[in-house]
Structures are given as C-alpha cells and as structure tokens.
Amino acid sequence: MKCRPPLPFLQLAGLASLLLASLLAGCQPPPPAAPPAAAPAQMTHLPLSGNPACSGSFVPHRLEFTTGTRLREIGTYISNGAGVAANDLDQDGLLDLVFASVDGDSSILWNEGGLEFTPQPLPARFTRAVSTVDADGDGWTDLFFTHRGRAGVSFWHNQGPAAERPHFEPHPLTGVDSYAYAMAWGDSDGDGRLDLVTGSYGAELTQHGVAANDPQAGVHLHLQQEDGWQTQVLSPNAETLSLAFLDLTGDGHPEIWAANDFGLEDHVWTRQENRWQTADLFAQTSYSTMTIEWGDIANNGQLTLFTTDMNPYDIRPRTLAAWLPTVTQLTAQKRADDIQVMANVLLTRASDGRWHDQATRQGVDASGWSWAARYGDLDQDGLLDLYVVNGMIAADLFGHLPNAELVEENQAYRNQGQHFTPAPEWQLGSTASGRGMIMADLDNDGDLDIAVNNLRSFAQLHENQLCSGASLQVELQWLSSQNRNAIGAQLLLTTNVGTLRRDVRASGGYLSGDPTRLHFGFPTGTTLQRLDIYWPDGTLSSFEHPPEHGLLRVTR
Amino acid sequence: MTHSTLTSPSLLDLPRLFPLLSLLHPRQHTRLVLASLGVGLLVSYTAVALGVLPLWAATALVLAILLPAGLLKWHDDRRRYGTTAMTLSILVTAQGLHTVEHLVQWTQYHLFYLTMRQSNGLLSPANSEWVHFVWNWLVLAAVALLLRGGMRGSWIWLLLAVALFHAVEHTYTFVRYQIILRELTAMDVLNVTAQGLPGIVGRDGWLARSEWTRGTWICSLPGLTTAVRLDIHFWWNIIEMTLLLVAGHRHLRRHPLDLPTS
C-alpha cells in the first residue's frame, strides 16, 4: 500500500510563526507633537567622588534596619512588608535611605559615604509606603508615609539643618484623610503643584473592622491647592498595592494607574475635559498586581510596562509542592471578560493603542512570589535590566513550610536587547524575603546599587561591583516651580548607540520612593550627542554634547 | 473485496457512506443498551441527588451498568467482523466517551467560568492523573493493535504518533504528580491534591518554562506553550478522535463490513 506524503507541519508551523511575529511587531511610534517651547536652563557638572570596587558581581551589605522582627508570628497582611526610599535629604551630595516598618519606627539611614550609614529612628510607626519628595517646594525633601491598618498619609516636614542633620517634624496634611496603603506623586492638573494619589487595601481594612463602603476607602486623588488639599474619589473599591502617574495614552498627559490585589482588576483613569474617567487600555494584567514599573527597555522611545504577580520561577516538583497548598486557597471564580493572569505581565503598546503582554516571550513572566520590580541599567550597556525581589512569610498561608516562609531567590534579568535572560552571575539572588526596593547610586561611583527592605531580616544593600560601561547621572532643579525636582519630567539622552529615556519620579515600584537623581548607563566610549529635558509644563531644555560621566545638575 | 464497494451508495444510505455507523450500531443489543443507559442514568441521578454518591462515582456506575451490553455487542462485532473491527469499535466508543469528558471540562471552564481545579468533568474528580495516565496508554495499545490487525494508511500512523506523544505527556504529569505527592506528604500536607498541573506542552509546561526555550518564540507559540492544560488536552482528544474516525472510516471503506441487506 502506498503511503500518503506526510502533512507539511513544519512549513505550516514556520508560516504561522512568521505571521505571529509580524503581528507582534506591529507597534508604532508615538504621534508627532507640536514643538515645545524652549526653557532656558543652566547645567552644572559635578564629578563623582566614589572609587568603584570591581569584583564583577554585586556584593551584599547588611543595613542596620529590620522590620517584622518584633512580632512573634507574621500573618497576612503584615506579610506584605514595607518600602524603602532614597534621596539626598541633607543635601550633602549623597543619597540617604528611608525605611518604612510594619512593626515599629521607620528609620533614616544617613549616608556617610563609602557605604557607611548612620541609622536614625523616626517616630513614624507601622508604616507601609514611603516617598521622599519636596511637595511644598521649599527646597528640602520631605518624607511621606502610608501606614498599616486604618490610617492615612503622614507628612514629615524637612525643617532643614539642625546641628548636623535636617530635622523632620510631623505636619498635618489638611484635607488628606483617606486610608492609604500605596501612594504616588505627580502634577495631575498641570498647575505646577504636586498632587497625591492614594489607594487603600480593602483586605487589610476588613481585618481592622472597616466596612467595605467606608468613604475613606478607595482610590483618591488629592489635588494640592494654594490653601490645602482637595480630594476627589476615583474609585470606592480598592485593593491597591501600587500606584503610578504615567502617560499611557501617549498624549503627553499622565494617567493614573491603580494596581489591585486579588481579583479586583487594575484601573486606569485618564483626564478628559477636567474630569478623570476610566480607560480600558490593557489587553492583559496581572491577577494580583504587586508592583508597577515602566521604562524604555528597547531604546525605541516606547515605554514597556511591567507588573509582578505570584508565579513560581521554576517548575521543579519541590517548588510546586511548596506553592500548592497556598495556591489552592487563592484560586477564585473566573469572570467572562477577565483579562487577568496570575503571572508577571510585560506590556507593550500595539498599533491598536492597547497594551499587550509580552512577558512570556521576554522570559520574565515568572519570578516567584514577587513584590518590587525595578528597571535599571545595572551593567551599563545602555539597556535597562530588571530586578525582582520575592518571597513570602505568612503563618496562615505557608504554615506547611519551615518558619511559615516561602524562601525564594530574588531574580535578576539582563536585557539582551530582544529579551531578558537570568543573570545569576551578578549574585543578586538573595533569599531574604524582599518587599520594597530601590535602585540608586549609593556610593557615588556612578553605577546603580540596590537597597531592599526585607521582611523579618536585615535590610540589604547590594553594592554594584560590575564595573562595566559608563554613566551620566542627572538631577533637575526647577527653582521657579513648587515642583522643585520636576517630578514627571522626561529626559532623552541621544547617543551614538541609541536614545535613552528616563523620567523623574517620586514614587515607584512596590511601596517605595525613587531618588530624583536619574541614571543613564551606556557602553564605555559612547558619544553623548544631546540631552533633551521635557519639563512637566511641556517646555524643553536641550544640551548638546553633555559630559560623559559624573553628575549633571540642571537648574531652571 | 465485495461487490458493495463497486456500486455508488445513495446519499441516504448512511451505513454504506459511513460504515463506522454500522460498526458502532448496537444492532440486536439496542434495547439492552438503551435499557442499561436508562437504568444507569436513573440510579446514578438518584444517588447523586440523595448525596449517596459523588458525581464521578455515579458516572462510573453508569459506565459499569452499560458494560455488559457493551461486552455483548463487542463480542458480536468480533464474531461478525473479526478482532480488528471489534478493537476499532471499542476504541471509537470509549474514546468518544473520553472526548465527552473533555467536552464537559471545557464547558465548565469556558462557559460556566469555573476555575481550573473545579473544571473536573464527570469522571476525573476520582483522580485525574490516574484516569488519564491509564487511559492514554490503553489508547496507544489499542491503536497498536489496530495496526497489527491490518489497519494501514497515513491517518492511523499519524494517530499512533499523536497517541504516543499524548501517553508520554501523561506519563510526565503522572510521574511529577507522584513526586509532588511525596513532597506534600513529607510536609505533612495530606489534604491537597497535586492533580491538573501542567505537562510538557501548554502554559507553564516544560516546553514553556525550560531553560533552553526561555525568552524564545517557542515560549509564546499560540496554544502549544500558551494554552492551559484543560484546553491542551481538550484539543488533543479532539484531534485524536478525528484521526481515529478518519482512519477507521478509510479502513472500513477499503475493507467493508459484511453489511446486512436492508
């Protein structure tokens, strides 16, 4: 009997793959905008004094701060930990650290140089998120905290130098009385003042006896006015773990994005005709969105969003056995139009204007029980890398594991241009239970170090000793504005290897506060052609041939 | 070759157009089959309604009550048409029922929006891993018997390849199921099932999460590395059933049954 020829599976698979690739490559550049008005600004070049040590990897250092160690047992939602922020609080040129604490005082770690820190407890107690931002425009960076349970935002005003250090005084935020778990800062209405958006965490509020319809719960936008704060409710329902102000529609104005835990979908609000309206922009989101991060990972002018969720980073039987008893408790009823997936999501904007998931294709869909994730050019090759901290401690979820702890290794991913690959050679796989995390040059040697607020173990500083590439750091000072650090400004550094994009933020990642000093990494020998600064008021300052190292302070 | 293959059957002559229908027909056992089905459904429904039996046990009971009628029918198939035809008859019937099981799961998940763990079908709540592991090796053995018995053609070989890969997939999930159960037992976790975890293909499967494929286009191949296990196995069974029907049809058209005159 004559056999029929085999079906052309390979050819069909090849054609299908080509078709898929062409569909996925359908992203378009942003629409052309009217040329912005020029904003005169001065540039001051400051050399960096740090001497880099070069071991070819990151080196962990213990920081004198712990949270979660005063409690005999960790349960949900103490388990969610707290954040960390970095900024130059005393204006000595070194970035200081501020740690929030779920079970005690918060703490400032004053940077003495050479990675030496002096801790100073701050009587801001039972804190969650922390931001370091000069919200009142007096030239000194203030501290803002959200708190555990039924509490709002606390404001610690930087009084300026008293003896050797600035002194912080608690001040009321009149008009801001919403329950807050996460917060974000930005000039939402373009009036030159920084506004605050807060989100509550319904599951924890329920533990504290707060009714679901409590008017203080939800996502609230607090507009800073001449004489105080005016609040408007964006949503009465919130399980918000992370918030962001960023331009998701490409119209030059920021949207507000609230990332929610559990089955409550993430929400985006866009401002149209002076009203905030919900927008449907995502084709996929994480199920329990822990953090929001964004950056231009391909140096093509397009943002790529990243959110974290719970998804084991390997599928070994032992790993799955550790997760299974908990996962079976978490799985909820599906909905017909549910766009949520229990995995990290990496969103790129497609030609239809919506954001589509590429996490699996990029190799970053699973990084464990993930909390903070940050982009940063760790190896200074001109491409933003990714670091995710993870782990979980909760007696009511992981009672089957020793110390009720899911021990995981933090995940570092090197950006290869087309996708991310794990970078174990960087030795960033700490097994401490990380929650909040920031990237900043903490030893003034030009590269990005990493500070992590761990739950139930000492905070860590991972010193960058990769010693590859070069960098330029940039700080903005907008003296004529109440938004002194130009939160929301976009910076484009044009080089002969591509255009690098950064933006100034006051808050970011999970419960954490970003430094207003921006880091541009690039390969050694790169020619820097131009630095464009798009200020939050839409004006532009450009500098030809900026210096190729050190710190650049731009004053407007 | 008999005379019947040389004449063109009319459009209404379904048994001649689709000889599988003749093979599957219970013939003189029709009443027994219908009666068994009726009794089985009635007893099972009552048992489930009264809470005496879980759904999977009630399903198993229906199948058990149907089995004597099936054995008589298949014995008759063997007597009339030979061992290969009987094997084909058994396989098509059983694989058809198995496909129904997957169709129920698919409906539970996609139409009733149950979770993956809740979308268990009718019989699989007993133990999804054991059911599918045993079943798919039996299917593979039956396909091998069909080949040994003289069924030929590209469709049956394709079916053998798909059934083999399907059996390997379920062996992979079954072995991992056993290892994870051991891990859970070591942690003193005795009330958690390790069933329904991803296998080689599908979302979070070995192919999607392997170090060798990480970050490549293979990890986002629609369906193959993105579909959830329930969908993967639904389509796998649909494909197997389709191949089986086509292979059986072509075989019976080439080697007709001795059809009774109407």
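Owing to the predicted nature of the structure, the values given are computational and were not obtained by experimental measurement.
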Can you name the nearest heavy-atom pair linking B/M187 to A/L401, along with the distance?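 Nearest pair, atom of B/M187 first, then A/L401: SD-CD2, 3.5 Å.
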Which heavy atom in B/L184 sits nearest to a heavy atom in A/A321, and how many Å separate them? CD2-O, 3.4 Å
Got a second to check how far [X]'s [atom1] is from [Y]'s [atom2], nearest 0.5 Å?
X	Y	atom1	atom2	result
A/R318	B/I180	CZ	CD1	12.0 Å
B/R209	A/R316	CZ	CZ	11.5 Å
A/D337	B/Y113	CG	OH	8.0 Å

Write out, in numerical order, the residues from residues 227-245 of chain B with a heavy atom short of 4.5 Å from a heavy atom in chain A. none
Given heavy-atom pairs under 4.5 angstrom as the criterion, report whether the side chain, backbone, both or neither of [X] touches chain A.
X	result
B/Y109	both
B/S210	neither
B/L197	side chain
B/D204	both
B/R203	side chain

Can you say whether [X] sits under 4.5 Å from chain B via the side chain, the backbone, both, or neither, judging by heavy atoms?
X	value
A/P402	neither
A/T421	neither
A/A322	backbone

Got a sec, which residues hit side-chain contact (heavy atoms from CB on, under 4.5 Å) with B/V100, two or more places apart in sequence or on another chain?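 Checked B/V100 against side-chain contact (heavy atoms from CB on, under 4.5 Å); matches are B/V104.
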Any side-chain to backbone donor/acceptor pair from B/R176 onto A/I315? Under 3.5 Å, distance only.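 Yes; judged by distance alone, with no hydrogens or angles, the pair exists.
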Of B/A208, B/C219, B/G205, the largest count of non-hydrogen pairs under 4.5 angstrom with chain A goes to B/C219
For a 4.5 angstrom cut-off between non-hydrogen side-chain atoms, does B/T226 reach A/T360?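 Not touching, per the 4.5 Å side-chain cut-off.
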Is there side-chain contact between A/H400 and B/D188, with at least one heavy-atom pair below 4.5 Å? no
Is it the case that over 12 heavy atoms from other parts of the model lie below 6.0 angstrom from the CD atom of A/Q418?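 No, CD of A/Q418 has 12 or fewer neighbouring heavy atoms, counting only those of other groups under 6.0 Å.
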Would you please name every residue forming a side-chain hydrogen bond (donor to acceptor under 3.5 Å, both in side chains) with A/N260, sequence neighbours left out?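 Only A/T240 meet the side-chain hydrogen bond (donor to acceptor under 3.5 Å, both in side chains) criterion with A/N260.
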Please enumerate all residues that pass side-chain hydrogen bond (donor to acceptor under 3.5 Å, both in side chains) together with B/H251, with sequence neighbours excluded. none
